[in-house]
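Being a predicted model, the structure only gives us computed values, none of them experimental. All chains are named by letter (A, B, ...) in the order of the sequence lines, taking the proteins before the strands, and each is independently numbered beginning at 1. We use all heavy atoms of the structure for the numbers below, so side chains are in, but hydrogens, waters and symmetry mates are not.
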Amino acid sequence: MTEQTSVRLLSVAAFSFLSAYLLSFLFEGQVLYALLDANGLDVQSYVLSVIIAHFFGLLSGGFLVTSLRQAKRVLLIGSVFCLLTGIPFFFPASPLWQPALLAAGFALGMAISAWGFYLHACTPSGRRVRTCADVLILSNLLMISINLVSLHISSRAALLFAMLCLAAGVGFAWLLPHADKAEETRQKSVGHVKRPLLMLVLFIVVITINSGLMYQVINPAFSHLTGLISWYWALPYVTAIAVMRGVLVKFQCRRATFLYIAMAMMIAAFLMFMLLGRSALDYLVVNTLMLGSMGIFDLFWWSMIGEMLGLGLNPANVFGIGLSANVLGVWLGGILGVGMTSAALADAEVTAIALTVVCITLAILPPLEKQLNLIMKSHAHRDAYERMDLESQHNVLSRSAVVDLLTDREQDVLQQLLEGKSNREIAAALFITESTVKTHVRNIFSKCDVSSRAELISSFLKHQA
Amino acid sequence: MSSLQAKQSHLAWLTVAAMVPAVLLAILQMPQAARICCALSILPLGMFCRHAWLLRAAALIEDNCILAVPDQDVVISTFGLRRGARVYRWGCNGVQGIRLLHVAIDREHIWLVFGDDICSESVQLPHGLTDEKSVGLTAGKFRQETGVRAEVSGW
């Protein structure tokens with residue numbers, strides 16, 4: 001095993017064990033639900049406060065962690081702090097529970113965004129989808145095991161198991177390197193990649209609204225199948241991720257294909273939920289379709305985050321913002337779901353409204369994905385263009401047949417466009433007005449048969465990047 | 001250009017003057033009369049908008065001037081031609097729109113042919129250039145800015 005592979009596996013293990021604690025306990029975990037229920041506490045307020053704390057933790061970690069050394073420190077301190085905040089839950093319910101949960105949600109949020117540095121440093125850009133799939137699979141398998149302990153032994157035994165996972169995560173994190181070539185990578189300001197980051201956030205929020213909604217609408221209908229749910233709930237999710245990982249790695253097929261498959265599965269799941277009954281077999285069908293699609297969606301946006309780490313921005317920042325968008329989406333979907341289920345509507349009506357929301361959000365996804373891909377490609381190409389020497393930059397332009405259609409002035413503007421300059425910057429560089437630049441840009445788009453800067457840059461530089 | 005700007009400000013005043021009675025009548029609870037005044041103010045508003053567009057086009061032409069003939073109030077540019085208050089546009093909408101097709105310069109006049117794939121129009125203007133160097137520079141500007149090689153004769 002090469003050193004790079006072992007470091008990658010170490011980072012996967014560290015994150016997965018931390019994440020298992022988060023999924024099984026802190027973030028709407030079954031262990032937390034069981035403990036709160038057993039003590040007669042208001043589950044919704046506790047869960048909501050943790051979600052909000054975790055959201056701000058992710059964002060704070062994203063903005064505060066700026067180097068690999070800091071990332072390791074935050075990862076370790078955050079996880080150890082979480083271990084300490086878990087102790088009060090072994091005792092009868094007390095006022096300490098709420099602040100402990102809040103602090104743990106925040107600390108683990110920071111630790112998780114800090115891991116973005118390790119995703120960036122320990123995995124080459126082309127293999128990040130593999131690492132993302134591995135952490136999702138391992139953390140969910142651990143979560144299933146903890147849930148089974150909670151169901152068949154006790155919720156406190158499950159909490160102990162979850163804390164052991166967290167301790168193991170701390171151990172793996174301790175072994176992670178903290179000085180790497182990643183330290184040397186240039187980090188751009190948020191403004192430089194603001195647009196792709198915003199698109200990514202929108203994309204993740206739209207995708208995860210569905211999971212929050214599904215959790216609230218479908219889960220209560222099958223709540224009588226406790227045993228089956230405890231182990232089967234996340235199994236299709238894990239399987240779908242494993243299948244997608246295998247196919248993407250082995251066959252190099254287009255990732256967007258999976259997006260369409262997941263959309264079809266999601267709609268089929270809702271239709272099945274409307275048509276079928278509420279037996280165990282019906283649950284197997286509905287849950288397989290639903291969680292399978294969620295697995296694909298999740299790996300999809302995780303891999304997008306992985307790609308975006310290559311744009312030169314602070315990895316913790318990208319990772320923190322991406323995951324907080326996920327938390328926001330889950331929360332918004334949850335609000336939608338609770339709103340619908342508490343409106344005293346008939347089951348069919350609730351499902352029909354949920355299906356409408358799902359269809360609307362799903363209709364937004366393909367154009368959003370296309371745009372996001374285009375922007376990310378153009379960023380990658382632009383970076384490649386900036387790194388070229390002047391002669392290579394000239395070659396890029398002269399090799400393209402479409403350049404013959406452009407006037408000398410338009411070629412000057414094109415050169416500036418490829419460098420990623422704004423209209424105002426181009427106007428200043430060429431001593432012309434901004435409206436002149438706009439007209440030239442419109443003409444260039446028309447002659448190159450493109451409709452956006454991203455498309456233009458991609459079409460020119462795809463062979464060079 | 002100044003005549004275009006003056007016309008724009010006249011139209012702006014006319015639009016305001018047409019709208020004020022409509023607003024006053026609405027305040028005075030005379031909806032029927034307010035509606036009529038409002039309908040009547042649409043015409044100056046439309047003219048104002050159309051002229052604002054024309055002024056923008058003229059400003060773009062001025063900004064990208066290739067050849068100016070001050071005594072004729074003519075400006076020829078990358079994106080069109082302004083003769084007094086008259087504006088001809090080209091080169092603003094890529095391959096689909098109207099483009100400058102041909103330029104010819106002799107000792108006194110400049111001929112400009114512009115149009116699209118279906119029809120074209122030509123304009124002949126005195127250019128006011130007095131030496132060969134200026135003609136060469138102008139032809140060079142046409143080539144750089146519009147991609148059209150000017151046909152120079154008689155120099």
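Sparse packing is recorded around CD of Glu108(B), with 12 or fewer heavy atoms of other residues, nucleotides or ligands lying under 6.0 Å away. Within a 6.0 Å radius of CD in Gln72(B), other residues, nucleotides and ligands contribute more than 12 heavy atoms. Within a 6.0 Å radius of CZ in Arg86(B), no more than 12 heavy atoms belonging to other residues, nucleotides or ligands are found.
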(request) Please report the C-alpha distance between Arg99(B) and Asn443(A) in whole Å, then the side-chain angles of each, then the deciding distance to 0.1 Å, and finally whether the side-chain contact (heavy atoms from CB on, under 4.5 Å) criterion is met. (result) CA-CA 11 Å; Arg99(B) 305 177 299 281; Asn443(A) 285 339; over 6 Å; no
(message) side-chain contact (heavy atoms from CB on, under 4.5 Å), that's the test. Do Glu145(B) and Thr407(A) meet it? Break it down for me.
(response) CA-CA 6 Å; Glu145(B) 295 285 338; Thr407(A) 65; over 6 Å; no
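Proximity to chain B at a heavy-atom threshold of 4.5 Å picks out Thr433(A), Ser435(A), Thr436(A), Thr439(A), His440(A) from residues 425-441 of chain A, in numerical order.
The most heavy-atom pairs under 4.5 Å with chain A, out of Thr78(B), Asp63(B), Val148(B), come from Asp63(B).
The contact between Asn64(B) and chain A is made entirely by side chain atoms (from C-beta outward), counting heavy-atom distances below 4.5 Å.
Pairs of residues two or more places apart, or lying in two chains, never qualify as ring pair (Phe, Tyr, Trp, His ring centres under 6.0 Å) while including a residue from residues 43-71 of chain B.
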